[in-house]
Structure formats: structure tokens, C-alpha cells
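The structure under discussion appears below in the form of C-alpha cells.
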Amino acid sequence: MDQAAPRGTRDILPPESGIWQQLEERFDDICQRYGYGEIRLPSFEHTEVFARGVGDSSDIVRKEMYTFDDRAGRSLTLRPEGTAGVARAFVQHGLSSEAYPVKLYYRMNLFRYEAVQKGRQREFNQFGAECFGSADPAVDAEVIGLVDRFLAELGLTAVRLELNSIGCPDCRSNYHETLRDWLRPRIASFCPDCQQRFEMNPLRILDCKVPEDQARLHDAPLLFDGLDPDCRAHFERVTELLDAQGIRYQINPRIVRGLDYYSRTVFEFISENVGTQGTICGGGRYDGLVAALGGGEVPGCGFAMGVERLLMELEAQSCLPSLPARSRLYLASLDRAAQTAAAGLADRLRQEGITTCSDLVGRSLRAQMKYAARSGFSHVIVLGSDELASGSGRLRRLSDGAEEEVRLDADAIRSRLDPRTAD
RNA sequence: GUGAGAUUAGCUCAGUUGGUUAGAGCGCCAGAUUGUGGCUCUGGAGGUCGUGGGUUCGAUUCCCAUAUCUCACCCCA
């Protein structure tokens, strides 16, 4: 058997998993402060949900999904992104009858069959939030504000916010014609990918990474410049609200999100440190998504943040959340009787909230001390016949070797070890 | 899907111009006057040299394939 995890997947072991727990806690916390409730969804959906939600012309649907038939012949797909599933649940549970706006957040693992590289795996994690039921630009600004606040609370600084509007479907179909007309006489000189995109989705040509193509595009008409008055007003209100919150952003008329459901506002938080996959967070408005999944005309807006990329950025900026320092007590034992007593005392201490371990190997005292030091215990009590007879022992602080006499009693020990502060 | 580099112990890596029992450091286990860790010394366990073929008297070493890892293209979080 192959002992390695499948390509593009990764195990997360302690102590790294502790960092994940911290991040998850902080994300839960900020979402709740903004009034979002957590939604948990199945890891797979009917393939339809993504085909119709994310869109048939997107790369995700065309070539990156883990799709399979179940034993009854239903086509199912491991979720490649979060928003479509949230919208499906919104429709299924009739959340359109709740008081608007409906605010939901999630943390989930996602699956895409992609070429693995830095900042991109086949199973990865996102934190995200979706706000349904209001077309007001105040939602867009608050959603962006939540992400900005979250990154700031984590201590990140050099993350750039780029903002654009891709308009409503009418703006886009008008613009498609404008852009096609402009491209038609020039498309032959573009790269082969762009020539394909010309038919499928000419909008994507604007995002082409080939430098020569970018140069050719410098005077291409921009969707941004052709927004209809409502879309233009929406965008301007978003920027007004961001300005009022003191959130800095750059307008980038060339951002195009790869998921078809976006409309009007789109944004990305981009890092300089994650390699070429620098987008830590992407999001925007998706006013047609709920309807595409069979619900009513319910507007929505949200974001998704790549947790692995966020962690890379936190590491690069030396902002990894530190684990809370706690006292951890190791009970060393000299013989079988002491080992028995240690197990009992450990149980009582754990009930008092003290992290306590005792010898489970039957090792020498020297080896136990070595283990305790290496494993990050803050304190040790050695139990032997003297301690069992007297009912008291010496609490040794490993950082400096200081010892003090304590009764071998959970209350007495706890009073010397505040679980919230290690020293 | 395409291109480049890599794969030897739990980890980081040497090494063999093809030749008996493949090495180091760290880590692990044990010991260094009978009950106290982080330093030091000694000993020990641990490897189908990624996998499968080929060439050869003989392959961890050369050739081919394949898997995996890393980076990049594409695309996205």
C-alpha cells in the first residue's frame, strides 16, 4: 500500500493543528460579531448544483471537479467551492422567508483536481461568509470590511485590496459585443488560449497573463467604463462606504472572477508572499445565483478565503497566532505503586482543568524527566515511596528548576498552577 | 494537460568513477554510584537506497517507464 497521502492532500499534525484551531476560533469570533451564523454543509452535492451555480463555462466545472456516480446512478460532485452549496441550502430550507438579510458563514474543505503547486492543493480549506437578501451596496462594503478587519486583527499589513465591478448581466452582454467588436480584427495576434476564450468567454482575455497580450490590451474598452447608471451608482456607493471606513483599495478594472455567478462588485485580497498564487481572499456579489438554483430573485454577496494561503502569509509576516500558554504538569513515578498513584492524581487534576500526564511507558526517572522537558511540560512532580507516605511532594518548574513543597491534592496543586498562565 | 528539478534512516543530507556487512548529524531507546531534564560521553535500535523493468558476472550507482514531492504555465482561494 502507498503510505503517502494522495497527491495534493496534506496531513495537519500537532503543533500545526493548534494554529488552525486558533485561526478557526478567531474567524468564528469575528463572524459572530458581524452577526453571521455558522452553516455546515455536506461535502458533496448533486453535480447540478455546481454546474448551474458556478457555471458551465468556468474552468472549475469544465475540468477540475471530482465527479462520480453513486450506486443509484446519481451524479455527485465533491464541493469545489462553497457559495453554490450555501445558496442551495438557502433555497432548500426556504430561508428567503426569514428576516433579511440572512447572514451565514462557513469553514469548509474543498476539492479541485488541479496541478499542485505552492498555494494550491487538491483538497484545501476556505473560510467564507455569504449575505443574502439585500442588493444594497452597504452589504458589499460590510463584507469587505469584515475581511479587512479579520486580516488586521491577525496582524497582517501588506495585503492589497483590489476592487472592480463587472456589472449586471445587461452590462456584460452589451460589453461582450463591444469587446468582441474591438477584438475581432486583432484576435489573430493573441495567444492560442485567448483565441479560444474569444468564443467561450471573451471577458477572460482581459485577465490573460501573457505579457504580449497584456500590452496589446492596454487600450481595449473596459467593462468598467461601460457600466450602466445603476451599476455605476452601486459601485460608487461601495467605494464611498469603504472610504468612510478607512479601508484602502485599488480599483483594478481587469479583475475577472473565475466563477460565473458574480455580478457587480468583485474583489480580491492579494499578498506578495504566497508565490504566484497570491490571492488570499476573493469574493463579490452574486445577484443571480439563488435564482439559478431554483430560488427567487434573492441578491447575495460574500467572500471565500484560502486558509492555507492565509497561513503562508501569516508565516511570511511573522503573525502566526501563538498558542495560549498553559501550565502542563507531568507526574513522574519511580515504581509501580507510584505509577498507580500518579494515574489517580492525574485524573483528579484533569477534573480541575489542569493538563496532566503521567508515565505510560515504565521508564527510568531520568528518561521521564527528559521526556517531560522535551514534550513541553512546564512542571513536574516526582512520586515515589516518600511522597506516597507523606502525602506531599515537590513541584518543580522546568524553566528554571525552582521547587516548592505541595500537598499531593488536586486543590493544593491547582492553586499553584493557574491553567491560564504558564510560568 | 505542459515544462524544469528532486526522491538514500523518523527528520536534514553525504556516498558509491558499477564490486563483500550503505554513512553522518539530529531525533529515539539504554547506561555513565542506588530518586530529578535541557550540556557531555558510551552503547543500541532503525534503511526492500521511491516502485517496476532493462543492461551487466554483479545495479543504490547506468538506461527506460511509473509514482510521489517541489516550482512554473493555465486557473483559482
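So that the names make sense, note that chain A is the first sequence line, chain B the second, and so on, each numbered from 1.
- At B:C76, none of the side-chain N or O atoms of A:S58 fall inside 4.0 Å of OP1 or OP2 (strictly under the cut-off).
- For the P atoms, the distance linking B:C62 with B:U2 amounts to 26 Å, nearest Å.
- A:R62 and A:D59 are joined by a salt bridge, as a carboxylate oxygen and a charged side-chain nitrogen come within less than 4.0 angstrom of each other.
- The partner of B:C29, taking Watson-Crick or G-U wobble pairs whose two distances both stay under 3.5 Å, is B:G43.
- Residues A:I280 and A:L383 each lie close to RNA chain B; by heavy-atom proximity, the contact nearer the 5' end of the strand is made by A:L383.
- Here the P atom of nucleotide B:G31 and the NZ atom of A:K370 are 10 Å apart, to the nearest Å.
- Residue-level contact check: A:E81 touches neither bases nor backbone, having no heavy atom under 4.0 Å from any strand.
- If you run side-chain contact (heavy atoms from CB on, under 4.5 Å) between A:L78 and each of A:F50, A:F44, A:Y113, only A:F44 comes through.
- Remark: B:U20 base-pairs with no nucleotide; criterion is Watson-Crick or G-U wobble with both hydrogen-bond distances under 3.5 Å.
- Of the candidate nucleotides B:G37, B:C69, B:G35, B:C69 has the atom nearest to the side chain of A:R7.
- Nucleotides B:U61 and B:U8 have their P atoms positioned 14 Å apart, rounded to a whole Å.
- Comparing B:C69 with B:C11, their C1' atoms sit 16 Å apart, to the nearest whole Å.
- A 3.5 Å limit on both hydrogen-bonding distances identifies B:G50 as the Watson-Crick or G-U partner of B:U66.
- Whole-Å rounding puts the A:M369 CE to B:G37 P distance at 6 Å.
- Under 3.5 Å, the side chain of A:R120 and the base of B:C74 form at least one donor-acceptor pair of N or O atoms.
- Using a 4.0 Å heavy-atom distance criterion, A:A115 is classed as a base contact.
- One can place CZ of A:R79 at 15 Å from P of B:A77, the figure rounded to the nearest angstrom.
- With both ends at atom P, the span from B:C28 to B:A67 equals 37 Å, rounded to whole Å.
- Between B:G18 and B:U60, the two C1' atoms lie 10 Å apart (nearest whole Å).
- Rounded to a whole Å, the CZ atom of A:R363 is 21 Å from the P atom of B:G44.
- On the C1' atoms, B:G58 is 11 Å away from B:U20, given to the nearest whole Å.
- Side chain of A:R366, nearest nucleotide from B:U40, B:U36, B:A77: B:U40.
- Remark: B:G38 base-pairs with no nucleotide; criterion is Watson-Crick or G-U wobble with both hydrogen-bond distances under 3.5 Å.
- Looking at which nucleotide of RNA chain B each of A:T9 and A:G384 is closest to, the 5′-most match is held by A:G384.
- Considering only side-chain atoms of A:L334, the nucleotide from B:G35, B:G31, B:C76 that sits closest is B:G35.
- The distance between the ring centers of A:F303 and A:F269 does not fall below 6.0 angstrom.
- In summary, the aromatic rings of A:Y249 and A:F267 are positioned with their centroids too far apart to meet the 6.0 Å limit.
- Side chain A:R112 to base B:A77: a donor-acceptor pair is found below 3.5 Å.
- Ring geometry for A:F90 against A:F132 counts as parallel: the plane angle stays under 30°, on a 0 to 90° scale with 60° as the upper cut.
- The base of B:G1 is not paired with the side chain of A:E64 by any donor and acceptor separated by under 3.5 Å.
- Heavy atoms of A:A372 sit nowhere under 4.0 angstrom from any nucleic acid atom.
- Note on A:G283: nothing from the nucleic acid sits closer than 4.0 angstrom, heavy atoms only.
- An aromatic stacking contact links A:F124 with the base of B:A77, defined here by ring centres under 5.5 Å apart and ring planes under 30° from parallel.
- Between the P atom of B:A32 and the CG atom of A:L365 lies a distance of 12 Å, rounded to the nearest Å.
- At least one side-chain heavy atom of A:V307 sits less than 4.5 Å from a side-chain heavy atom of A:W20.
- Between the CG atom of A:D359 and the P atom of B:G37 there is a distance of 16 Å, given to the nearest Å.
- Judged by atom type and distance alone, A:R396 reaches the base of B:G37 through a side-chain donor-acceptor pair under 3.5 Å.
- Listed nucleotides: B:C71, B:U2, B:A32. Nearest to the side chain of A:K118: B:C71.
- At a cut-off of 3.5 angstrom, counting only N and O atoms as typed in the model, there is a donor on one side and an acceptor on the other between the side-chain of A:Q117 and the base of B:C74.
- Spacing between atom CZ of A:R336 and atom C1' of B:G35 amounts to 19 Å, rounded to whole angstrom units.
- Rounded to the nearest Å, the gap between the C1' atom of B:A45 and that of B:G27 is 13 Å.
- Across all strands, A:L398 comes closer than 4.0 Å to base atoms (heavy-atom distances).
- No contact: A:N125 has no heavy atom under 4.0 Å from any strand.
- Here the nucleotide nearest the side chain of A:R309, chosen from B:U36, B:G35, B:C76, is B:C76.
- For the pair A:R374 and B:G37, the criterion of a side-chain N or O lying under 4.0 Å from OP1 or OP2 is not met.
- Taking the six-membered ring for Trp and the full ring otherwise, the centers of A:F27 and A:Y105 sit less than 6.0 Å from each other.
- Atom CG of A:L331 and atom P of B:U36 are 18 Å apart (whole Å).
- A:E313 comes within contact range of no nucleotide atom at all, as no heavy-atom separation falls under 4.0 Å.
- Among the heavy atoms of the strands, none lies under 4.0 Å from A:G393.
- In this structure B:U2 sits in a base pair with B:A72, meeting the Watson-Crick or G-U test at under 3.5 Å.
- Spacing of C1' atoms, B:C49 relative to B:U21, comes out at 15 Å, to the nearest Å.
- Of the options A:N125, A:L154, A:V159, a side-chain contact (heavy atoms from CB on, under 4.5 Å) to A:L310 is made by A:L154 and by none of the others.
- No engagement by A:G128 is indicated, since no non-hydrogen atom pair under 4.0 Å with the nucleic acid exists.
- A side-chain contact (heavy atoms from CB on, under 4.5 Å) with A:I280 is found for one member of A:M305, A:E308, A:E268 and no other, namely A:M305.
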